[in-house]
Amino acid sequence: MPVLRERMANSFDEIFGQDAAVESLKEAYRADRMPHALIFAGPVGVGKGTTAAAVGKLWLCEKPNTKSAEPCGTCDSCRTFDVGTHPDFHVVYRQLIRLESETSKAKELAVQVIRQHLIRAAGLKPAMNRGKVFLIEEAELMNAAAQNTLLKTLEEPPGRTIIILLTDQPDSLLPTIRSRCQHIRFAALDEKLVIEQLRKREIDAATASSAANLSEGSVGVALKWIEDGVVAAAEELHQQLDVLIAGQPAGDLQTWFRKQADAYAEKQLERDELASKDQATREGLAVYLKLSAQRFRRLLGESSDADEMERAASAIDAVVRAEQYLDENVNVPLVFQQLAITLERLFATAESSRR
């Protein structure tokens, strides 16, 4: 299962930092205008899954409070939901393909998963007679066949059914999918709120502060990066980049990126031994490229020197090109060799001109 799957929420009151999204959903429920198809769009780890679960519990509750838009919390449906075994709340995720093929790397959300675990399941009678809720995680990973197969059910779901698509890349969904759904936006969380949530999980103050700063408003990402060792590695990365910015050789950046990406991949394989190591390694490289771009963006924002700002912008462009090359499956050593050469030339030239 996706490592960032969020726990089930008991009520909307447990969701923090997403007041606008929560209120729009509650208003729709109170007015009896809850859409049957929704896209929850926003950064990873900011509460989309938790909110979807709260919607599911409310929708399936036998005695909901229609004025407050809250589930009763005591009926058979609510009790079953709270222990995570509700038969009418279906989470659809890419690794379900392994029920068909045990060795699948599950790189995308396949059409077989959509057919079996959503379309077919939606056509069955609700086990508890209140309706059904389907939650599609990482919806942007549905391939074209899966998205096209979903269209009819998305437009006219059988019975009292809600389908919620979670994504941090809504533009990756087909226009025909997007047009059939109501969009609910989820924003990045305030850094202080992320720190507060991390501290509640007994994470020390220094680590919580660093993780919140790096994750840019995502509790889920902050937690994952702490667990995966990314937060600790990011400090080392930023130190190397600061040396580079100062016009000095930063060491073997190419080897550093590869070493850290391999460590990242090993963490993913510990969670899911059938995951693709190559894909996990590329994900790790993408994480550290993102953190590199973050450091250069801050340089751009902090500087008042026109030349330095131009160098920072050029460095960001170089990192973005490297990200694009990774997406296009260009040879990894070549990508990072070119990036290291470009960055060193940019800032070494600056140091020479200062002399």
Side-chain angles (χ1 to χ4, degrees), residues 43-44 188 191 194-195 206-218 221-222 224-267 280-328 330-355:
V44 173
E191 187 172 314
V194 176
I195 292 172
T207 301
S209 179
S210 295
N213 182 264
L214 293 170
S215 66
E216 297 183 322
S218 171
V221 170
K224 184 175 185 296
W225 282 0
I226 292 170
E227 183 179 346
D228 289 351
V230 172
V231 173
E235 183 176 352
E236 185 179 332
L237 172 62
H238 285 177
Q239 287 173 354
Q240 290 199 57
L241 293 179
D242 286 344
V243 170
L244 191 70
I245 290 167
Q248 304 299 318
D252 192 345
L253 271 179
Q254 179 182 342
T255 300
W256 187 93
F257 272 105
R258 187 72 198 199
K259 178 183 175 182
Q260 296 301 330
D262 285 342
Y264 178 93
E266 288 302 319
K267 285 288 187 179
T281 300
R282 286 177 178 268
E283 287 174 0
L285 291 169
V287 166
Y288 290 110
L289 284 174
K290 176 179 179 179
L291 293 174
S292 299
Q294 186 183 94
R295 176 65 189 95
F296 293 127
R297 285 200 305 273
R298 286 177 181 168
L299 174 64
L300 184 62
E302 294 164 357
S303 179
S304 58
D305 179 81
D307 290 336
E308 188 171 59
M309 292 171 70
E310 184 175 349
R311 287 190 292 272
S314 296
I316 294 169
D317 289 341
V319 173
V320 170
R321 280 196 301 274
E323 291 173 328
Q324 291 171 341
Y325 291 149
L326 270 186
D327 289 342
E328 295 165 2
V330 174
N331 179 270
V332 170
L334 183 61
V335 170
F336 283 87
Q337 180 183 34
Q338 182 62 43
L339 176 62
I341 290 171
T342 301
L343 294 178
E344 287 182 1
R345 283 178 178 171
L346 269 174
F347 293 103
T349 301
E351 178 62 17
S352 298
S353 66
R354 283 194 287 264
R355 293 172 183 171

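Atoms considered below: every heavy atom in the structure, side chains included; atoms not considered: hydrogens, waters and symmetry mates.
Going from atom CD of Gln240 over to atom OG of Ser292 covers 9.5 Å, rounded to the nearest 0.5 Å. Note that CG of Leu241 is 10.0 Å distant from CG of Leu299, once rounded to the nearest 0.5 Å. Rounded to the nearest 0.5 Å, atoms CG (Leu291) and CD (Glu235) are 12.5 Å apart. Rounded to the nearest 0.5 angstrom, Glu344 CD and Leu346 CG are separated by 10.5 Å. Remark: Leu343 CG to Arg345 CZ distance equals 11.5 Å, nearest 0.5 Å. Annotation: the span from Trp256 atom CH2 to Tyr288 atom OH amounts to 5.5 Å, rounded to 0.5 Å.
Remark: the backbone N or O of Leu214 is paired with a side-chain donor or acceptor of Gln294 at under 3.5 angstrom. Side-chain atoms of Asp228 do not come within 3.5 Å of backbone N or O of Val230 as any donor-acceptor pair.
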I would like to know whether Thr255 and Phe336 meet side-chain contact (heavy atoms from CB on, under 4.5 Å); could you show each step before the answer?
-> CA-CA 9 Å; Thr255 300; Phe336 283 87; over 6 Å; no

Go through the steps for Leu244 and Gln248 under the test side-chain contact (heavy atoms from CB on, under 4.5 Å), then give the verdict.
-> CA-CA 5 Å; Leu244 191 70; Gln248 304 299 318; over 6 Å; no

Evaluate side-chain contact (heavy atoms from CB on, under 4.5 Å) for Arg295 paired with Val319, printing each intermediate quantity in order.
-> CA-CA 11 Å; Arg295 176 65 189 95; Val319 173; over 6 Å; no

Given the rule in the salt bridge (charged side-chain N to carboxylate O under 4.0 Å, His left out) test, do Asp262 and Arg258 qualify, once you have shown the distances and angles that lead to the verdict?
-> CA-CA 6 Å; Asp262 285 342; Arg258 187 72 198 199; 3.6 Å; yes

Output, in order, the C-alpha distance, side-chain angles, deciding distance and verdict of salt bridge (charged side-chain N to carboxylate O under 4.0 Å, His left out) for Glu216 and Arg297.
-> CA-CA 13 Å; Glu216 297 183 322; Arg297 285 200 305 273; 3.1 Å; yes

Would Leu326 and Val330 count as a side-chain contact (heavy atoms from CB on, under 4.5 Å) if you check the C-alpha gap in whole Å, the side-chain angles of each, and the deciding distance to 0.1 Å?
-> CA-CA 6 Å; Leu326 270 186; Val330 174; over 6 Å; no

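In terms of heavy-atom proximity, Arg321 sits nearest to Thr342 at NH2-CG2, 4.3 Å. In terms of heavy-atom proximity, Ala340 sits nearest to Leu253 at CB-CB, 4.3 Å. The shortest non-hydrogen separation linking Ser303 to Met309 is O-SD, 3.6 Å. Nearest heavy atom pair, residue Phe257 against residue Leu289, reads CE2-N, 4.1 Å. For the residue pair Leu339 and Ala322, the shortest heavy atom distance occurs at CD2-CB, 4.3 Å. Contact record, Val221 with Ser215: CG1-CB, 3.9 Å, taken as the closest heavy-atom pair.
In the displayed structure, Glu328 atom CD is contacted under 6.0 Å by more than 12 heavy atoms of other residues, nucleotides or ligands. For Glu310, the CD atom sits in a loose shell: 12 or fewer heavy atoms of surrounding residues, nucleotides or ligands are nearer than 6.0 Å.
Side-chain contact check for Phe296 versus Ile245: some heavy-atom pair is nearer than 4.5 Å.
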